[in-house]
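Only this structure's heavy atoms are used, side chains among them; waters, hydrogens and symmetry mates stay out. Just so we're on the same page: letters track the sequence lines, and every chain starts at 1.
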There are 2 protein chains.
Amino acid sequence: MSPILHALEHEQASFSQMERRLAERVLASPGEVIHMGITELAEQCGVSPATVTRFCKVLHFKGFPDFKVKLAAEIAHSDAGPQDGGSSYQDIVAGNPLSLIVEAMQANHLASIRDTTSLLDLERLQSVIALLCNARRVDLYGMATSSIVAQDFYQKLVRIGVNCTAFADSHMQITSASSLAKGDVAFAISYSGETPETIDALGCAKHSGASTISLTSYGSSTLATLADIPLFSSSLEQGMRRGDMASRIAQLHIIDILFTGMVSTRFGDFIPKLEQSYLNVQHYRNKRGGQS
Amino acid sequence: MSPILHALEHEQASFSQMERRLAERVLASPGEVIHMGITELAEQCGVSPATVTRFCKVLHFKGFPDFKVKLAAEIAHSDAGPQDGGSSYQDIVAGNPLSLIVEAMQANHLASIRDTTSLLDLERLQSVIALLCNARRVDLYGMATSSIVAQDFYQKLVRIGVNCTAFADSHMQITSASSLAKGDVAFAISYSGETPETIDALGCAKHSGASTISLTSYGSSTLATLADIPLFSSSLEQGMRRGDMASRIAQLHIIDILFTGMVSTRFGDFIPKLEQSYLNVQHYRNKRGGQS
DNA sequence: CGTATATAAGAAAATTATTTTCATGATTAG
DNA sequence: CTAATCATGAAAATAATTTTCTTATATACG
């Protein structure tokens, strides 16, 4: 924890009644305090503005504004929530003030990306990249939240000219899976790894002879077991139903790595296509001059 | 480098004479600026205080003090060096070994979330949450990558029973925007803030009397200026076309905060709906026993 | 037990900082 | 060449902060 907050916590002994109130308020949500005026903070603590100024002086700041700026700098350093470098997940519950939600969300997402990265198996990633680069056709499967991830990957792959589909409709997924063959790739995404529609689609693809890849939250699951190469994003503690928020970020993180890996291995091929797709969007947009 | 400094450096084109002087002074030693008063900074740049305030507003801060606090938070980040904990963005180039790509991607995504969080304005977020909670109808606009973000938000809002649409088709976006009215909310997402289709849709919605919200990468943009309440994700260095990867993660981070904020403020309303939507998916899935 | 003194804290005044409004000159489009 | 827009500074208005002055309370000492 930063020196200022640390001091506020451990030097309470030397504070007076009112000063203690201030210290507590600041500790409770420093992120809010830095956006407050002196009057606002004073009111929230049932204290006069003069007391706030004095308090800042006691802490050896030049005044309240000085305190705010220094505090802002400090809380920026530490990842919200538990100390930096750690990676524990925060639960998010009812009626929390927004500042807490923001802190918790940041902690969760950062932890999620860190954990996912450390779970990564480079060799496996490399194989997946190779498969995707050489695939005749790529099918992406995912329902609900995972279909968002699938769509995202789809957009990227299309831009580098990979022949690829990402149906949101589970019937179409199966239909498409049926028509895959050896040399094609099926890529299934699911938080739980137990989504029946996605499992069916990947199973069908495997049966058709395609190479199968799964992307699920860490832990054994039907989908991961089924896939030739399973990839994992970090899973959250506890039964947070809303855990899929961090999980989706982690899955996109992996998608980004895969995509960048693909572009990097076949730079000469893919970069021109990327550029071209970008330029063409611009071109046709300008051509019609803003009206559709 | 932090998004604010980055913007100061790269948006000089859009600044006026005096604004450029200010930008340069801030870039020269941001650490000094955060301890200055508005008058002092103005004098050092041979500029009037009024110009400084205006400059801060152009950058979408609430005023000079707000600018100082946000800047303080950011420069605290950036002197932490490139290893984790710091937040400099890594470029991703050809033929990099996978391990480097993974490291760079992690650094980018972590930095992006951190920077975005420090740019966040809690008051604004709160207003947006309030608007969304009380909206009769919510329209989400976004093209390409941003449509993925819009879709993601859409899925979440639907689950808590918010009346909401997220057309990917720009004609439909306009059509829908035309039928909005006071009390409705239009929420436009764009990395650059200059996507014509998205600007048109938001403009149309505004004209119809809806409250307008934008989510763009940090910096002044047409879309952000147009919106009643602009929200920002952090922007990346240099011309990385592929900067939209980190940006999308950051935007989803904000979406998650908004959504969680909504659920938290109207816990009693929304949680049962969330639970119900979850249970119903399970129920109907089990009912048909895996076959469709 | 009472008085003097120190201390904490607020009220109000003074100061300082910031923002807004208004006026002016420059620049651009017609 | 004129009108309109824009950038800018001066000054007024507002808001924030700090200082000063006052009061109440507690503590030590006679």
Side-chain angles (χ1 to χ4, degrees), chain A residues 4 7-8 11-26 30 32-73 289-290, chain B residues 4 7-8 11-26 30 32-73 121-124 219-222 224-226 228-230:
Chain A
I4 297 175
L8 290 178
E11 288 184 42
Q12 301 226 351
S14 70
F15 295 157
S16 70
Q17 210 70 45
M18 300 293 134
E19 286 173 341
R20 213 159 300 163
R21 276 197 223 163
L22 287 167
E24 265 161 32
R25 178 67 190 83
V26 174
E32 277 174 34
V33 172
I34 60 175
H35 294 297
M36 289 180 187
I38 195 171
T39 319
E40 194 178 350
L41 177 59
E43 258 170 28
Q44 286 194 14
C45 298
V47 148
S48 78
T51 304
V52 178
T53 294
R54 276 192 289 259
F55 182 56
C56 294
K57 297 253 167 96
V58 165
L59 296 167
H60 304 293
F61 295 99
K62 291 214 286 282
F64 182 63
D66 188 44
F67 172 72
K68 274 201 299 191
V69 166
K70 300 264 168 66
L71 184 62
Chain B
I4 296 175
L8 290 178
E11 287 187 45
Q12 301 225 352
S14 71
F15 295 158
S16 69
Q17 213 68 45
M18 301 294 133
E19 285 173 340
R20 214 160 299 163
R21 276 197 222 161
L22 287 167
E24 265 160 33
R25 177 66 190 85
V26 174
E32 276 172 38
V33 173
I34 60 176
H35 294 300
M36 290 179 185
I38 196 172
T39 318
E40 195 178 350
L41 178 59
E43 261 170 26
Q44 287 193 14
C45 297
V47 150
S48 77
T51 305
V52 179
T53 295
R54 276 190 290 259
F55 183 57
C56 294
K57 295 257 169 89
V58 166
L59 297 167
H60 303 288
F61 295 99
K62 292 216 286 280
F64 182 65
D66 187 42
F67 172 73
K68 275 200 300 190
V69 166
K70 301 261 167 71
L71 185 62
D121 184 319
L122 288 186
E123 261 178 66
R124 261 187 218 172
S220 55
S221 65
T222 310
T225 308
L226 182 62
D228 296 331
I229 311 181

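- In this structure, CD of A:E43 is placed 14 Å from C1' of C:dA11, rounded to the nearest angstrom.
- A salt bridge links A:E32 with A:R25; the closest basic N to acidic carboxylate O contact falls under 4.0 Å.
- Rounding to whole angstrom units, CZ of residue B:F61 and P of C:dT19 are separated by 13 Å.
- Residues forming a side-chain contact (heavy atoms from CB on, under 4.5 Å) with B:K70 (at least two apart in sequence, or on another chain): A:H35, B:I4, B:F61, B:D66, B:D121.
- An angle of 10°, rounded to 10°, separates the two end axes of the helix from C:dC1-D:dG30 to C:dG30-D:dC1, each defined over five pairs.
- Put simply, the side chain of A:T53 reaches to within 4.5 Å of the side chain of A:K57, judged on heavy atoms.
- The closest side-chain heavy-atom distance from B:H60 to B:T225 is below 4.5 Å.
- B:L41 places a side-chain heavy atom less than 4.5 Å from the side chain of B:F64.
- Considering only side-chain N and O atoms, B:K57 lies under 4.0 angstrom from the phosphate OP1 or OP2 of C:dT20.
- Heavy atoms of other residues, nucleotides or ligands lying less than 6.0 angstrom from CD of B:Q12 number more than 12.
- Looking at A:F67 and A:I38, their side chains never come closer than 4.5 Å, going by heavy atoms from C-beta outward.
- Side-chain contact between A:K68 and A:C56: absent, with no pair of heavy atoms (C-beta onward) separated by less than 4.5 Å.
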_Walk along nucleotides 5-17 of chain D from 5' to 3' and tag each nucleotide B, S or - by protein heavy-atom contact under 4.0 Å, base first, then sugar-phosphate._
--SBBB------S
